[in-house]
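In each ligand, atom 1 is the first atom listed, and ligand 1 is the first ligand listed. Model, not experiment: these values are computed from the prediction. Each residue takes its place number in the sequence, starting with 1.
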Amino acid sequence: MPIKVPDTLPAKEVLANENIFVMDESRAYQQDIRPLRIAILNLMPTKETTESQILRLLGNTPLQVEIVLLHPRSHTSKNTSAQHLDMFYKTFDEIKRHRFDGLIITGAPVEQMDFEEVNYWEELKDIFEWSKTHVTSTLHICWASQAGLYYHFGVPKVALPEKCFGVFPHSINVPNIKLLRGFDEIFYVPHSRHTSVNREDIIVHEELDILSESEDSGVYLVATQDGKQIFVTGHSEYDPLSLKWEYERDVHKGMDIALPVNYFPKDDPSRTPPSTWRAHANLLFSNWLNYYVYQETPFDMEEHADYIYHI
Ligand SMILES: CC(=O)SCCNC(=O)CCNC(=O)[C@H](O)C(C)(C)COP(=O)(O)OP(=O)(O)OC[C@H]1O[C@@H](n2cnc3c(N)ncnc32)[C@H](O)[C@@H]1OP(=O)(O)O
Ligand SMILES: N[C@@H](CCO)C(=O)O
């Protein structure tokens, strides 16, 4: 699919080299269709890496997808340049009067703080609230899934005795759910976190379904019954070498970090880990885009025109 991104966004070249069809703005305007408008609230410090990871997955659909990158105004980024943010990102204040077909909120390395300690928490609460009325479906990844479950349903985040770190087998709880269409009975997902959510705190909410879990890494996929909110506790978007990079970073810092489980061949960190989750990552994102966004979203060309000409 054509993902429509700014012509000079670095991820465009990364994806073009992988033969992923990225459409620049000038060509996209010549197609007489209404693109899906997806906002990505990128809370990761490694923003450029995350852009490529998510755009790669959104690229696997015949639909035209127009991307709006967002960063929290109330946080000054240490690891991403102000120039990159100025060129490619908007803030919530700039877009909040518009509607979006989909919203993706990424993970963030703030899981060991209380939510209220996170300096963009008040802004994120406003975004969560706004998403209920202005977005067809919101996909929350890793820390954002904990934050969203806490904000919307009061589900607490709990500290794990040790980091959940590796690539774990998952199974499907509920048959024939569109989000999991085409999934194998057992599939793999990377996790990399010190905190979790407990299934007991989720099942008390009638409007939430736990769609997939892992015996090793716990709850994975939770959705509201209307599909408007999807919570994903793992990092299906991670590259094959993301966990290796995090592992080596922590070894380098002298931290007491265990090898990621079920990742390096024969648990030998000198060997290159293969991806065992890429196909399901693609399915998850394309099912979400197709069944929860495209097939549910109202077709409103006027609002779209308003958006194009005013943002
Ligand atoms: C549970 C999940 O969602 S996992 C997803 C998170 N995973 C990752 O971030 C993996 C990649 N990140 C990393 O490897 C590391 O964070 C690094 C190497 C980029 C930086 O690490 P450090 O130098 O130790 O920490 P640093 O002081 O730069 O802060 C890291 C990030 O924490 C976040 N942060 C720290 N304190 C706060 C705070 N009070 N409020 C909000 N965010 C905060 C910020 O996002 C910050 O990065 P940014 O300013 O560029 O956005
Ligand atoms: N995935 C993160 C966990 C910290 O939030 C990391 O290892 O950097």
Side-chain H-bond candidate by donor/acceptor type, [X] with [Y], under 3.5 Å:
X      : Y      : answer
Ser214 : Ser217 : yes
Ser192 : Glu246 : yes
Ser137 : Gln229 : no
Tyr291 : Glu296 : no

Go through ligand 2 atom by atom and flag the ones less than 4.0 Å from a non-hydrogen atom of [X].
X      : value
Lys163 : 6 (C), 7 (O)
Tyr238 : 1 (N)
Glu111 : 3 (C), 4 (C), 5 (O)

Quick one: table the atom pairs, ligand 1 N or O against protein N or O, below 3.5 Å, distance rounded to 0.1 Å.
{"unit_1": "ligand 1", "atom_1": "3 (O)", "unit_2": "Ala108", "atom_2": "N", "d": "3.0"}
{"unit_1": "ligand 1", "atom_1": "3 (O)", "unit_2": "Ala108", "atom_2": "O", "d": "3.3"}
{"unit_1": "ligand 1", "atom_1": "3 (O)", "unit_2": "Trp143", "atom_2": "N", "d": "3.0"}
{"unit_1": "ligand 1", "atom_1": "14 (O)", "unit_2": "Arg249", "atom_2": "NH1", "d": "2.2"}
{"unit_1": "ligand 1", "atom_1": "27 (O)", "unit_2": "Lys78", "atom_2": "NZ", "d": "2.6"}
{"unit_1": "ligand 1", "atom_1": "28 (O)", "unit_2": "Lys78", "atom_2": "NZ", "d": "3.4"}
{"unit_1": "ligand 1", "atom_1": "28 (O)", "unit_2": "Asn79", "atom_2": "ND2", "d": "3.2"}
{"unit_1": "ligand 1", "atom_1": "40 (N)", "unit_2": "Asn119", "atom_2": "N", "d": "3.0"}
{"unit_1": "ligand 1", "atom_1": "40 (N)", "unit_2": "Asn119", "atom_2": "OD1", "d": "3.2"}
{"unit_1": "ligand 1", "atom_1": "47 (O)", "unit_2": "Asn79", "atom_2": "ND2", "d": "3.2"}
{"unit_1": "ligand 1", "atom_1": "49 (O)", "unit_2": "His75", "atom_2": "NE2", "d": "2.7"}
{"unit_1": "ligand 1", "atom_1": "49 (O)", "unit_2": "Lys78", "atom_2": "N", "d": "2.8"}
{"unit_1": "ligand 1", "atom_1": "50 (O)", "unit_2": "Ser77", "atom_2": "OG", "d": "3.4"}
{"unit_1": "ligand 1", "atom_1": "50 (O)", "unit_2": "Lys78", "atom_2": "N", "d": "3.2"}
{"unit_1": "ligand 1", "atom_1": "50 (O)", "unit_2": "Asn79", "atom_2": "N", "d": "2.8"}
{"unit_1": "ligand 1", "atom_1": "50 (O)", "unit_2": "Asn79", "atom_2": "ND2", "d": "2.8"}
{"unit_1": "ligand 1", "atom_1": "51 (O)", "unit_2": "His75", "atom_2": "NE2", "d": "3.1"}

What class does the angle between the rings of His84 and Tyr89 fall in, given that below 30° is parallel, 30 to 60° is tilted and above 60° is perpendicular?
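Geometry flag for Tyr89 against His84: tilted rings.
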
Could you give the side-chain donor-acceptor pairs of residues 155-162 under 3.5 Å, partners two or more places apart or in another chain?
{"unit_1": "Lys157", "atom_1": "NZ", "unit_2": "Glu111", "atom_2": "O", "d": "2.5"}
{"unit_1": "Lys157", "atom_1": "NZ", "unit_2": "Met113", "atom_2": "O", "d": "2.8"}

| task | Could you tell me whether Arg37 sits above the aromatic face of Phe100, with NZ or CZ closer than 6.0 angstrom to the six-membered ring centre and within 45 degrees of the axis? | result |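 Arg37 over Phe100 ring: yes.
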
Give me the residue, atom name and distance of the protein heavy atom closest to atom 8 (O) of ligand 2.
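Its nearest protein heavy-atom neighbour is Arg249 NH1, 2.8 Å.
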
for atom 1 (N) of ligand 2, nearest protein heavy atom and its distance come out as Ser192 OG, 2.9 Å

4.0 Å heavy-atom contact, [X] with ligand 2:
X      : result
Gln112 : no
Tyr247 : no
His235 : no

Applying side chain to side chain contact (heavy atoms under 4.5 Å, CB included) to Pro109 and not counting sequence neighbours gives Pro45

The side chain to side chain contact (heavy atoms under 4.5 Å, CB included) partners of Arg73 (sequence neighbours excluded) come to Thr91, Asp93, Glu123

I'd like to know if Glu248 and Lys244 make a salt bridge, using a cut-off of under 4.0 Å between side-chain N and carboxylate O.
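Counted as a salt bridge, because a side-chain N and a carboxylate O are separated by less than 4.0 Å.
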
